[in-house]
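Computed over heavy atoms, backbone and side chain alike; hydrogens, waters and symmetry mates excluded. It should be emphasised that the depicted structure is a prediction, and the values quoted were computed from it without experimental measurement.
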Amino acid sequence: MTASLSLWRAATAAGLALGLFIPEASLAGQRSWSPDGPDRPGETDAISAAGQLTAWVLETADNQGLPFLIIDKINAEVSAFDREGRLLGTAPVLLGLARGDISPAGIGDRPLSAIEPGERITPAGRFMASMGENLGGKSILWIDYDAALSLHPVINTRATDRRLQRLASATAEDNRISYGCINVPGKFYDEIVEPAFSGTMVVVYILPEDQSLSDVFFLAGGISQSAEDEVEPPLGVTALSSEAH
């Protein structure tokens, strides 16, 4: 886990313990950088899986000149990059309740009430994503339409889920709560995701937690495993459901 995110989580956790309301925080200000700064993509920490994948994406141009997201499930973090590979911001995320890298077959055709806890997986892979709306008219980043997988601002309609508190906690261990969709802080979505990714396709890389990076992404010649048969969703596609994920 990055040091800045650890410090942010610790600070927000302390605030919650004192009874302070800490809504939808973002690391955009802390983690933004310029190409002239010390945090160039080539200097990414090669020890982390996210760092390895970021370096590989930039070296092979696997993002095909498009902006991209890297979602680290183990550390419950998302990093957003522009089409040149410049880091736009980083934030904590909420993920599917169950661990695993493959969505159950037909998961996108089922109502949420029919999805068992062990099936609530955020799948790993490379996805072509685009901005859209759910049936309630709210903005989402549609990652895999067939699997009903999207990234959206954190949903806080069920108090027992404690989603804001989970985002603010100092650990990634309690960030598993959704049906598979990726929940991000509202400020991160409003200030980074929506303005940076509107009107364009976005490549989303979701790191595995059971499989290796090579199993999921790397092929000889610098082509992503899941890029071979990828199908791009239409821009502005509307979600099948407005239920909380």
Q: Would you name the heavy atoms of Ile140 and Ser150 that are closest together and state the gap between them?
A: CD1-CB, 4.0 Å
(Q) Could you measure the distance from the CD1 atom of Ile71 to the CG atom of Leu53? Nearest 0.5 Å is fine. (A) 11.5 Å
Q.
Applying salt bridge (Lys or Arg N to Asp or Glu O under 4.0 Å), can you list everything that pairs with Asp82, at least two apart in sequence or on another chain?
A. Arg86
(Q) Minimum heavy-atom separation for Ile182 and Thr122, please, with both atom names. (A) CD1-CG2, 4.0 Å
Q) Is the shortest side-chain N to carboxylate O distance from Arg126 to Asp62 below 4.0 Å? A) yes
Q: Measure the acute angle between the ring planes of Trp56 and Phe218, then classify it against the limits of 30° and 60° as parallel, tilted or perpendicular.
A: tilted
**Q.** Separation between CG of Leu151 and CZ of Phe197, rounded to the nearest 0.5 Å
**A.** 9.0 Å
**Q.** Heavy-atom side-chain proximity of Thr200 to Pro67 below 4.5 angstrom
**A.** yes
Q. Between the side chain of Arg120 and the main-chain N/O of Gly180, is any donor-acceptor distance below 3.5 Å?
A. no
Q) From Gln64 CD over to Met128 CE, what is the distance, rounded to the nearest 0.5 angstrom? A) 6.0 Å
Q.
For Val93, is there any backbone N or O sitting under 3.5 Å from a side-chain donor or acceptor partner on Asn175?
A. yes
**Q.** Atom of Thr90, atom of Phe188 and distance for their closest heavy-atom approach
**A.** N-CE1, 3.9 Å
Q) Hey, any chance Ile121 and Ile74 share a hydrophobic cluster, counting ILVMFWY side chains that come within less than 4.5 Å of each other, even indirectly? A) no
Q.
Going by side chain to side chain contact (heavy atoms under 4.5 Å, CB included), name the residues that satisfy it together with Asp161, two or more places apart in sequence or in a different chain.
A. Arg158, Arg163, Ile177
(Q) Once salt bridge (Lys or Arg N to Asp or Glu O under 4.0 Å) is applied, do any residues pair with Asp101, and if so which ones, sequence neighbours excluded? (A) Lys73
(Q) Could you measure the distance from the CG atom of Asn63 to the CG atom of Leu69? Nearest 0.5 Å is fine. (A) 11.5 Å
Q: Taking all heavy atoms of Cys181 and all of His152, pick out the closest pair and write down the distance.
A: CB-NE2, 3.7 Å
Q) Taking side chain as C-beta onward, heavy atoms only, is Leu58 less than 4.5 Å from Phe68? A) yes
Q. Can you tell me how far the CG atom of Leu66 sits from the CZ atom of Arg83, to the nearest 0.5 Å?
A. 6.0 Å
(Q) Once side chain to side chain contact (heavy atoms under 4.5 Å, CB included) is applied, do any residues pair with Glu194, and if so which ones, sequence neighbours excluded? (A) Met131, Ser139, Tyr189, Asp190, Ser198
Q: If a pair satisfies salt bridge (charged side-chain N to carboxylate O under 4.0 Å, His left out) and one of its residues is in residues 52-61, list it, with sequence neighbours excluded.
A: none
Q.
Ser212: which residues meet the side chain to side chain contact (heavy atoms under 4.5 Å, CB included) condition with it, sequence neighbours left out?
A. Ser214, Asp215
(Q) Tell me if a side-chain donor or acceptor on Ser169 pairs with a main-chain N or O of Arg166 at a distance below 3.5 Å. (A) yes
Q. For Phe81, which of Val203, Thr54, Leu88 qualifies under side-chain contact (heavy atoms from CB on, under 4.5 Å)?
A. Thr54
Q | Gap separating the CD1 atom of Ile206 from the CD1 atom of Ile70, nearest 0.5 angstrom | A | 11.5 Å
Q: Indicate the atoms forming the closest heavy-atom contact of Val78 with Val184, along with that distance.
A: CG1-CG1, 4.2 Å
Q | Taking every non-hydrogen atom, the tightest pair across Pro92 and Pro185 | A | O-CD, 3.2 Å
